[in-house]
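So the structure is just underneath, and the comments pick up after that.
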Amino acid sequence: TPITGGATTQVLFNLAGVVSSDSGFTYAGSGGAVALTGILQLPDTTSATVGVIQFGGARFIHDAGSNTNVFIGRNAANTTVTGIQNVGIGGGGVLGSLSGGNNNTAMGYFALGNQAGSANSTAVGSSALSGATGSANTGVGFNAGANLGAASQNTFIGSGTGLGIT
């Protein structure tokens with residue numbers, strides 16, 4: 001049944017057969033913007049299709065694992081994370097292998113990309129600590145500590161520092 005009587009820029013919702021335009025959304029015409037005057041509330045991320053904001057069909061923002069995790073960036077982290085208090089900002093798998101790790105911070109393309117269950121590591125820079133699987137490591141700079149492996153309690157500052165350390 002067609003809906004009549006609304007403005008052409010309204011967004012109408014059908015909830016259990018009741019159509020409502022009192023949503024806080026407006027639409028600015030073909031190719032225009034959608035505006036929200038209220039709260040956009042999503043559930044916590046429980047899968048690749050629940051509680052995820054996508055751009056171009058790719059995962060972009062989610063909080064998988066717990067509501068104390070924050071992941072922002074094209075395919076940042078995965079949606080099966082069980083760890084808590086992790087922050088990943090960047091694309092290409094930043095914290096991409098994270099499963100049960102806690103208290104990790106990664107910023108940059110593929111930073112801490114192979115971190116699985118380790119904890120307390122910080123990586124800032126593209127591919128910083130990307131091969132690290134140990135805990136309590138810090139890498140700041142492009143490829144800083146990228147080949148580290150399972151070693152723990154290391155600090156690398158500067159582009160490419162520690163590449164020979166595994």
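One-based numbering along the sequence shown.
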Polar side-chain atom of S118 near backbone of G101 as donor-acceptor pair, under 3.5 Å:
no
What heavy-atom pair brings A111 and G125 nearest, and what distance separates the two atoms?
CB-O, 3.7 Å
Mind listing the closest non-hydrogen atom pair of G139 and A128 along with its distance?
O-CB, 3.8 Å
Hey, does the side chain of S47 reach the backbone of T49 with a donor-acceptor pair shorter than 3.5 angstrom?
yes
Within this structure, what is the OG-CG distance for the pair S130 and N114, rounded to the nearest 0.5 Å?
6.5 Å
What are the two closest non-hydrogen atoms of V94 and A106, and how far apart are they?
CG2-CB, 3.5 Å
What heavy-atom pair brings S121 and G134 nearest, and what distance separates the two atoms?
OG-O, 3.7 Å
With sequence neighbours left out, the residues meeting side-chain contact (heavy atoms from CB on, under 4.5 Å) with A151 are L148, N154
Looking only at heavy atoms, what is the nearest atom pair of A146 and L163, with distance?
CB-CD2, 3.7 Å
State plainly whether one hydrophobic cluster holds both L129 and I157, where clusters connect Ile, Leu, Val, Met, Phe, Trp and Tyr through side-chain heavy atoms under 4.5 angstrom apart.
no
What's the spacing between L95 CG and M107 CE if we round to 0.5 Å?
11.5 Å
Rounded to the nearest 0.5 Å, what separation is found between the CG atom of L98 and the CD atom of Q115?
7.0 Å
Give a yes or no on whether F142 and I165 share a hydrophobic cluster (residues Ile, Leu, Val, Met, Phe, Trp, Tyr; joining criterion: side-chain heavy atoms under 4.5 Å apart).
no
Interatomic spacing from CD1 in I53 to CG in L40 - rounded to 0.5 Å:
6.0 Å
Where does the angle between the aromatic ring planes of F60 and F55 fall among parallel (under 30°), tilted (30 to 60°) and perpendicular (over 60°)?
perpendicular
Do N120 and S135 meet the criterion of a side-chain donor-acceptor pair at a distance under 3.5 Å?
no
Please evaluate residues N104 and N86 with respect to the criterion side chain to side chain donor-acceptor pair (under 3.5 Å), reporting the C-alpha separation (whole Å), side-chain torsions for both, the decisive distance (0.1 Å), and the verdict.
CA-CA 5 Å; N104 294 298; N86 295 291; 3.2 Å; yes
List the residues meeting side-chain contact (heavy atoms from CB on, under 4.5 Å) with T68, not counting sequence neighbours, and say none if there are none.
S66, I84, Q85
With side-chain contact (heavy atoms from CB on, under 4.5 Å) as the test, would you mind laying out the steps for V70 and D63 before giving the verdict?
CA-CA 5 Å; V70 176; D63 72 347; 5.7 Å; no
Okay, side chain of R59, backbone of I72: is any donor-acceptor separation there less than 3.5 Å?
no
Within the distance-only criterion (no hydrogens, no angle test), does the side chain of N75 pair as donor or acceptor with the backbone N or O of G91 below 3.5 angstrom?
no
Going from CG on N143 to OG1 on T161, what distance comes out if it is rounded to the nearest 0.5 angstrom?
9.5 Å
How does the hydrophobic cluster around Y109 look, that is, which other residues are in it when side-chain heavy atoms under 4.5 Å mark a link?
F110
Hey, is CD on Q153 packed in by over 12 heavy atoms from elsewhere, all under 6.0 Å?
no
Considering all heavy atoms, the nearest N78-A64 contact
O-CB, 3.6 Å
Distance (rounded to the nearest 0.5 Å) between T138 OG1 and F156 CZ:
9.5 Å
